[in-house]
Amino acid sequence: VRDCTVHVEGWGQGSEKGVSLRFERVRFVGFDSGAGGSSLISSEESALHFIECRIEGGYGASPRSGSLFDIRTSGLIARFDGCSFSRLNLELTGLYDGATVVFSNCDLLELFLDPLEQARRKQGVVFEDCRIQVGAPPVVKRDLNDLFPGWREAR
């Protein structure tokens, strides 16, 4: 999947197995919906590669609830190359031992929790040349109309 914006409330919901996906220049929004784990990634046994993607919290119904992972298996391999993350919690503490996640040359800005503190307890999590900033602004809700003016009327 490449060159698009995806409004998603999480895929898999813990029921998908054997997912292998590659995303290039994809913006993900809406996963912070307040439903279930409010996670972008919640499938099992996955191999995922994200290249120059943007994972942006604040566009869902419950903007402070957004997390990157809700994975309940060690069968995860994920790599993020040149991606940007904002207004979410990576939720690294929820990864099982044996999972491997690499963040390479990523910008992780306005995060709710310190990912380095979480990663210290996880052997398979690596940050390579990443810029990290903890501290979201007081108002984290974003308006989808800022990205796509008039989208509601066009439906």
Side-chain angles (χ1 to χ4, degrees), residues 1-16 19 21-44 46 48-72 76 78-95 99 101-122 125-155:
V1 178
R2 69 173 68 124
D3 299 320
C4 63
T5 295
V6 177
H7 188 279
V8 62
E9 292 182 10
W11 70 70
Q13 303 307 314
S15 62
E16 300 287 332
V19 175
L21 299 168
R22 178 182 167 118
F23 299 97
E24 296 178 43
R25 297 173 305 277
V26 176
R27 175 189 292 153
F28 295 93
V29 298
F31 56 89
D32 49 356
S33 64
S38 285
S39 303
L40 176 64
I41 304 166
S42 60
S43 59
E44 296 181 10
S46 302
L48 308 169
H49 192 191
F50 296 79
I51 303 163
E52 297 177 9
C53 293
R54 296 171 61 175
I55 295 94
E56 300 179 357
Y59 292 101
S62 183
R64 286 203 172 268
S65 69
S67 64
L68 184 58
F69 295 114
D70 182 12
I71 303 292
R72 299 175 189 193
L76 170 69
R79 182 171 180 94
F80 298 88
D81 288 310
C83 295
S84 66
F85 303 80
S86 64
R87 301 184 190 190
L88 65 115
N89 173 21
L90 296 186
E91 202 58 60
L92 301 176
T93 57
L95 293 174
V101 180
V102 175
F103 298 90
S104 180
N105 296 300
C106 293
D107 287 331
L108 301 103
L109 308 174
E110 300 178 342
L111 300 181
F112 298 133
L113 297 173
D114 185 352
L116 296 177
E117 179 62 33
Q118 295 177 42
R120 283 186 188 96
R121 296 183 293 269
K122 294 294 171 185
V125 178
V126 176
F127 291 93
E128 298 173 340
D129 299 318
C130 293
R131 186 169 63 133
I132 299 172
Q133 174 202 26
V134 179
V139 177
V140 295
K141 180 72 174 155
R142 294 174 167 169
D143 188 350
L144 207 50
N145 279 315
D146 293 340
L147 298 177
F148 303 102
W151 69 272
R152 288 178 207 240
E153 296 80 17
R155 295 191 309 169

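Note that the structure is predicted; figures quoted are calculated from it, not measured.
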Between [X] and [Y] (side chain of the first, backbone of the second, donor and acceptor by atom type, cut-off under 3.5 Å), is there such a pair?
X: Lys122; Y: Leu95; value: yes
X: Lys141; Y: Gly60; value: yes
X: Glu91; Y: Ser67; value: no

Can you tell me how far the [atom1] atom of [X] sits from the [atom2] atom of [Y], to the nearest 0.5 Å?
X: Gln133; Y: Leu109; atom1: CD; atom2: CG; answer: 5.5 Å
X: Phe28; Y: Cys4; atom1: CZ; atom2: SG; answer: 7.0 Å
X: Phe103; Y: Arg79; atom1: CZ; atom2: CZ; answer: 11.0 Å
X: Cys83; Y: Glu52; atom1: SG; atom2: CD; answer: 8.0 Å
X: Asn89; Y: Phe69; atom1: CG; atom2: CZ; answer: 11.0 Å
X: Asn105; Y: Ser84; atom1: CG; atom2: OG; answer: 13.0 Å

Search all heavy atoms of [X] against all heavy atoms of [Y] and return the closest pair with its distance.
X: Leu92; Y: Pro115; value: CD1-O, 3.5 Å
X: Cys106; Y: Gly82; value: SG-N, 4.0 Å
X: Ile132; Y: Leu111; value: CG2-CD1, 4.4 Å

Worksheet item: Of Leu48, Leu76, Leu90, Leu68, which meets side chain to side chain contact (heavy atoms under 4.5 Å, CB included) against Val101?
Response: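 It is Leu76; the other options fail the test.
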Discussion item. Does the plane of the ring in Phe23 sit parallel, tilted or perpendicular to the ring in Phe50? Use 30° and 60° as the thresholds.
Written reply: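 It falls in the parallel class, under 30°.
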Practice prompt. I would like to know whether Cys130 and Leu108 meet side chain to side chain contact (heavy atoms under 4.5 Å, CB included); could you show each step before the answer?
Written response: CA-CA 7 Å; Cys130 293; Leu108 301 103; 3.8 Å; yes
Discussion item. Walk me through whether Thr5 and Phe148 qualify under side chain to side chain contact (heavy atoms under 4.5 Å, CB included).
Written reply: CA-CA 10 Å; Thr5 295; Phe148 303 102; 3.5 Å; yes
Practice prompt. Run the numbers on Gln118 and Val125 for side chain to side chain contact (heavy atoms under 4.5 Å, CB included), then give the verdict.
Written response: CA-CA 9 Å; Gln118 295 177 42; Val125 178; over 6 Å; no
Worksheet entry | Flag side-chain contact, heavy atom, 4.5 Å: Arg87 against Pro137 |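 Yes, at least one pair of side-chain atoms sits under 4.5 Å.
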Worksheet item: Are any of the side-chain heavy atoms of Val29 and Arg142 separated by less than 4.5 Å?
Response: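 Not touching, per the 4.5 Å side-chain cut-off.
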